[in-house]
Amino acid sequence: MSDLTLKQRFIASLERKDVDKVPVCSVTQTGTVELMEMTGAKWPDAHYDPEKMATLAIAAHEITGLEAVRYPFCNTVMPETLGCTVREGSLDSQPQIIDFPCKEKKDVAGLLVPDNLLESKRIKTILQATDIVKDRLSDEVPIVVGILGPAAIACCLCGVNNYLMWCITAPEVLKELLVLGTSVCKEYANALFDRGVDAVVIIDSEAGPDLFPPPLFQSMILPFYRSLTKDMRGPTILHICGDATEILDDMADSGFQGLSIEEKVNLAYANQVVAGRACLVGNISPVFTLLERSPEQVKKEAKECIADGVGILSPGCGIAPHTSIENIRAFVAARDEYYGLG
Ligand SMILES: [Zn+2]
């Protein structure tokens, strides 16, 4: 079993098969300032230029040892495609949404989805980056792409205040946005799979308890997740930020192979709840641990995640841009040490 390639180990882990050791990677953003300086592929250009996007994503694998290539580095691809206005960010800050199209309920019906979604500028950039990554990378390394999920897309399109209000006062309007989000998600994810991406991460924190009322998750979100996972033609991971403990049971029934959770979720408890229905991905803190603590402390917490039964060792959320390469390497080394390979 030790002759598994990184890709075989990653996919086998998602399928909850026995592996020789857990993979260690990030299923969330991997761009850091140090990597940008070393490669010249810097933010904000690396969000918009496929060549730079591919270069920075591959560097995060080759230079730090993380066992997947993961891009893009922001969550604005679909929102901008669907009509949000985005500020491009800087070397160490991600692009931000500064305006959105659905100010009022009546705006939802008039929302225009581009006819040729896959030809739109930002999505095309990701598809082109995929071609470049495939060309430059060994076929043995998994390629992971993050895209926003239906709740996140809905929230971006109507703004967080409307989103919070409409889920109580106008659920039918919010559902229209969720229908749209689900449909664009399927089309985009399947285009990625067709290009050879190995796993798609659906980033959908706006469906999590930090924003969305957990009692409504089952009726309003779960059906969309089931529809998504039924129609997406490849392995998928659901990432929800914050403390997702309350909805874990439903998340495990949503059809995603992997569930990516933050450090606020107790991993040992999560394993009991999920009970083999999905592969748990996580969950050391990207900020309090990976960014701010020493390599030794990073190792200690990473080994605790493995001991608690994580399926894929990963930061609980996006890597902070000022995280040191040294700490990311320690994160990878912790996995080897755990298995007596260090
Ligand atoms: Zn997150």
Side-chain angles (χ1 to χ4, degrees), residues 7 10-11 14 25-31 46-58 61 68-84 86 95 97 111-137 139 141-154 156-157 177-204 207 224-239 254-258 260:
K7 186 186 290 191
F10 181 85
I11 297 297
L14 272 182
C25 64
S26 172
V27 301
T28 46
Q29 119 51 36
T30 60
H47 302 299
Y48 305 97
D49 176 331
E51 192 78 27
K52 287 183 175 164
M53 185 178 291
T55 299
L56 184 58
I58 291 172
H61 155 66
V69 168
R70 198 277 189 202
Y71 51 94
F73 315 106
C74 76
N75 292 326
T76 61
V77 172
M78 190 57 84
E80 187 166 2
T81 303
L82 296 176
C84 291
V86 171
I97 293 167
L111 204 63
L112 287 176
V113 179
D115 275 345
N116 213 339
L117 188 76
L118 305 176
E119 287 297 313
S120 60
K121 192 167 142 241
R122 301 261 347 242
I123 289 183
K124 211 168 159 185
T125 302
I126 311 296
L127 297 176
Q128 286 170 338
T130 302
D131 292 341
I132 299 168
V133 169
K134 292 285 290 178
D135 198 42
R136 285 199 211 153
L137 191 71
D139 193 42
V141 183
I143 302 174
V144 180
V145 173
I147 75 175
L148 285 192
I153 291 171
C156 290
L157 291 174
L177 288 174
L178 291 168
V179 168
L180 183 148
T182 304
S183 137
V184 292
C185 245
K186 285 178 187 174
E187 186 175 353
Y188 181 24
N190 284 335
L192 291 164
F193 288 127
D194 290 346
R195 294 272 176 138
V197 166
D198 298 296
V200 167
V201 184
I202 302 292
I203 300 162
D204 216 27
F224 291 104
Y225 283 177
R226 288 197 171 132
S227 165
L228 252 187
T229 54
K230 182 170 77 64
D231 288 346
M232 288 191 294
R233 297 189 292 269
T236 50
I237 299 169
L238 173 65
H239 173 76
S254 58
F256 290 96
Q257 276 99 337
S260 163

Extract all donor-acceptor atom pairs below 3.5 Å that involve side chains of residues 183-191 and protein atoms in other chains or at least two apart in sequence.
from: Lys186; atom 1: NZ; to: Ser227; atom 2: OG; distance (Å): 2.7
from: Lys186; atom 1: NZ; to: Asp231; atom 2: OD2; distance (Å): 2.8
from: Asn190; atom 1: OD1; to: Arg233; atom 2: N; distance (Å): 2.7
from: Asn190; atom 1: ND2; to: Lys186; atom 2: O; distance (Å): 3.3
from: Asn190; atom 1: ND2; to: Asp231; atom 2: O; distance (Å): 3.0

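- When every heavy atom of Ile202 is checked against every heavy atom of Leu148, the shortest pair comes out as CG2-C, 4.5 Å.
- No hydrogens or angles considered: nothing links the side chains of Thr30 and Tyr71 as a donor-acceptor pair under 3.5 Å.
- Counting heavy atoms from C-beta on, the side chains of Ile153 and Leu82 come closer than 4.5 Å.
- Taken to the nearest 0.5 Å, the CD1 atom of Ile58 stands 8.5 Å off from the CD1 atom of Ile132.
- Between Met53 and Phe73, the closest heavy-atom pair is O-CZ, 3.6 Å.
- Looking only at side-chain heavy atoms (C-beta outward), Ile147 and Val77 stay at 4.5 Å or farther from each other.
- Using a 4.5 Å heavy-atom cutoff, the side chains of Val200 and Ile237 are not in contact.
- Using a 4.5 Å heavy-atom cutoff, the side chains of Pro95 and Tyr48 are in contact.
- For the residue pair Ile11 and Pro235, the shortest heavy atom distance occurs at CD1-CG, 4.0 Å.
- The side-chain hydrogen bond (donor to acceptor under 3.5 Å, both in side chains) search around Asp198 returns Lys7, not counting sequence neighbours.
- In this view, Asp135 satisfies the salt bridge (charged side-chain N to carboxylate O under 4.0 Å, His left out) rule with no residue, not counting sequence neighbours.
- The two residues Phe10 and Cys25 have their closest heavy-atom pair at CE1-SG, 3.8 Å.
- The closest side-chain heavy-atom distance from Ile143 to Arg70 is not below 4.5 Å.
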Residue pair Val201, Val145: steps toward the side chain to side chain contact (heavy atoms under 4.5 Å, CB included) verdict: CA-CA 6 Å; Val201 184; Val145 173; over 6 Å; no
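- Side-chain atoms of Asp204 never come within 3.5 Å of backbone atoms of Ala207 as a donor-acceptor pair (strictly under, hydrogens ignored).
- Around the CG atom of Asn116, the shell of radius 6.0 Å holds more than 12 heavy atoms that belong to other residues, nucleotides or ligands.
- Interatomic distance, OG1 of Thr81 versus CD1 of Ile123, reported as 4.5 Å (0.5 Å rounding).
- Without hydrogens or angle criteria, Thr236 side chain to Met232 main chain gives no donor-acceptor distance under 3.5 Å.
- Using a 4.5 Å cut-off on side-chain heavy atoms (C-beta onward), Val197 and Val144 make no contact.
- With sequence neighbours excluded, the residues that form a side-chain hydrogen bond (donor to acceptor under 3.5 Å, both in side chains) with Ser260 are His239.
- The minimum heavy-atom distance linking Thr76 with Cys74 is given by the pair OG1-SG, 3.2 Å.
- Heavy-atom minimum distance, Thr229 versus Ser254: OG1-O, 2.8 Å.
- The side-chain heavy atoms of Pro72 and His47, taken from C-beta on, include no pair separated by under 4.5 Å.
- Arg226 meets the salt bridge (charged side-chain N to carboxylate O under 4.0 Å, His left out) test with no other residue; sequence neighbours excluded.
- Sorted by first then second residue, the salt bridge (charged side-chain N to carboxylate O under 4.0 Å, His left out) pairs that include residues 122-131, not counting sequence neighbours, are Glu80-Arg122, Glu119-Lys124, Asp131-Arg195.
- Counting heavy atoms from C-beta on, the side chains of Leu111 and Leu180 come closer than 4.5 Å.
- A donor-acceptor pair under 3.5 Å is absent between the side-chain atoms of Thr125 and the main chain of Asp49, judged by distance alone.
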